[in-house]
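Take a look at the structure below.
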Amino acid sequence: MMVNIPEDVYSRLREIAAATNQSLETVLVNRLKTTFSEPLPILPPDEQAELDALRHLSDDALWTIAAEQMADTVQARAHELMDKNSFGQITTEEYQELESLVERGNRLMLRKAEASAILIERGHTFTQDDFVWSHH
């Protein structure tokens, strides 16, 4: 099996291989084993059910989810609250609102990632540009 590796990652692999006197393959396999041996986080049942349901959607629906963005007004409010938090000027209510917006953003990113992973499994090519809605 062939895997394309970005040049910067390949360069780093070569550096590690040379420094540790190991082959590139050994370094890469050991890094992958370490990465994949970590347990996956356990999601709350409602979030897991939402992600599982994505597998039943059409490709078009998945492309829409992968490109989904938070509304500009919501993003602006989150940034406003983050700034207030950074300057220590946030109220308790605003902090709770910020936590809620962050959680909402995290769930959105999780849905986007899962939708793109399913599209890749289905044979589609998915690039960073596809995170922004254009056509499909």
Side-chain angles (χ1 to χ4, degrees):
M1 169 173 52
M2 299 280 296
V3 176
N4 291 324
I5 299 174
E7 185 59 39
D8 60 323
V9 174
Y10 183 71
S11 294
R12 184 70 181 129
L13 281 171
R14 282 188 309 205
E15 290 172 12
I16 294 169
T20 60
N21 200 27
Q22 297 177 2
S23 71
L24 284 171
E25 182 177 332
T26 299
V27 172
L28 182 58
V29 168
N30 287 339
R31 292 289 171 123
L32 289 172
K33 283 181 180 178
T34 299
T35 298
F36 290 121
S37 67
E38 296 174 10
L40 293 173
I42 298 173
L43 297 173
D46 63 322
E47 288 184 46
Q48 187 61 56
E50 183 179 351
L51 293 180
D52 292 343
L54 294 179
R55 296 208 166 271
H56 303 288
L57 297 177
S58 69
D59 290 358
D60 286 342
L62 291 170
W63 280 112
T64 299
I65 292 167
E68 185 179 356
Q69 301 289 317
M70 288 184 100
D72 289 343
T73 55
V74 174
Q75 289 183 43
R77 179 64 176 157
H79 286 292
E80 177 186 338
L81 292 171
M82 283 187 258
D83 288 345
K84 286 181 115 177
N85 189 42
S86 295
F87 293 116
Q89 301 171 342
I90 196 167
T91 67
T92 302
E93 293 79 20
E94 289 172 327
Y95 188 79
Q96 290 171 344
E97 180 184 358
L98 176 59
E99 283 184 324
S100 174
L101 291 174
V102 168
E103 175 62 25
R104 185 174 162 188
N106 288 342
R107 285 183 81 145
L108 173 63
M109 288 308 297
L110 191 58
R111 281 193 314 273
K112 290 168 65 81
E114 185 68 13
S116 62
I118 294 168
L119 287 166
I120 290 168
E121 285 175 14
R122 292 181 182 178
H124 295 280
T125 301
F126 197 92
T127 67
Q128 194 65 29
D129 292 338
D130 291 317
F131 273 108
V132 180
W133 180 253
S134 58
H135 59 281
H136 292 295

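If you read the sequence from its start, that first residue is 1, and numbering goes on from there.
- The CD1 atom of Ile118 sits 7.5 Å away from the CG atom of Leu57 when rounded to the nearest 0.5 Å.
- Note: Ile5 CD1 to Arg12 CZ = 14.5 Å, rounded to the nearest 0.5 Å.
- Hydrophobic clustering, with ILVMFWY side chains joined whenever heavy atoms are under 4.5 angstrom apart, keeps Met82 apart from Phe87.
- Following chains of ILVMFWY side-chain contacts shorter than 4.5 Å, one cannot reach Val29 starting from Leu13, and the two form parts of different hydrophobic clusters.
- No path of Ile, Leu, Val, Met, Phe, Trp and Tyr side chains, each step under 4.5 Å between heavy atoms, connects Met109 with Val102, placing them in separate hydrophobic clusters.
- Side-chain atoms of Gln75 come within 3.5 Å of backbone N or O of Met70 as a donor-acceptor pair.
- Atom CG of Leu98 and atom CD1 of Ile90 lie 5.0 Å apart (nearest 0.5 Å).
- Note on Leu108 and Leu110: separate hydrophobic clusters, where clusters join Ile, Leu, Val, Met, Phe, Trp and Tyr whose side-chain heavy atoms are under 4.5 Å apart, directly or indirectly.
- Across Ala115 and Ala66, no two heavy atoms sit closer than the pair CB-N, 4.1 Å.
- At least one donor-acceptor pair closer than 3.5 Å links the side chain of Ser116 to the backbone N or O of Lys112.
- Tested against Leu28, the residues Thr26, Leu24, Leu32 include a single side-chain contact (heavy atoms from CB on, under 4.5 Å) partner, Leu32.
- Under a hydrophobic clustering in which Ile, Leu, Val, Met, Phe, Trp and Tyr are joined whenever their side-chain heavy atoms come within less than 4.5 Å, directly or via other members, Ile65 and Val74 fall into different clusters.
- Few gaps surround CG on Asp8; more than 12 heavy atoms of other groups in view lie less than 6.0 Å from it.
- Atoms CG and CZ, from Asp59 and Arg122 in turn, are 5.0 Å apart once rounded to the nearest 0.5 Å.
- Considering only heavy atoms from C-beta on, Asp46 comes within 4.5 Å of Arg107 through its side chain.
- Proximity of Glu99 to Arg104: side-chain heavy atoms (C-beta onward) are nowhere separated by under 4.5 Å.
- Using a 4.5 Å heavy-atom cutoff, the side chains of Gln22 and Asn30 are in contact.
- Using a 4.5 Å cut-off on side-chain heavy atoms (C-beta onward), Glu50 and Glu114 make no contact.
- Of the possible donor and acceptor atoms, none in the side chain of Ser100 sits under 3.5 Å from a partner among the backbone N and O of Gln96.
- Residue Thr91 holds its OG1 atom at 8.0 Å from CG of Leu81, rounded to the nearest 0.5 Å.
- Counting heavy atoms from C-beta outward, Glu94 and Glu80 have side chains that stay 4.5 Å or more apart.
- Glu103 CD: more than 12 foreign heavy atoms inside a 6.0 Å radius.
- More than 12 heavy atoms of other shown residues, nucleotides or ligands fall within 6.0 angstrom of atom CZ in Arg14.
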Between Lys84 and Glu97, is the salt bridge (Lys or Arg N to Asp or Glu O under 4.0 Å) condition met? List the steps. CA-CA 12 Å; Lys84 286 181 115 177; Glu97 180 184 358; over 6 Å; no

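- Looking at heavy atoms from C-beta onward, Arg31 lies in side-chain contact with Ile16 at the 4.5 angstrom threshold.
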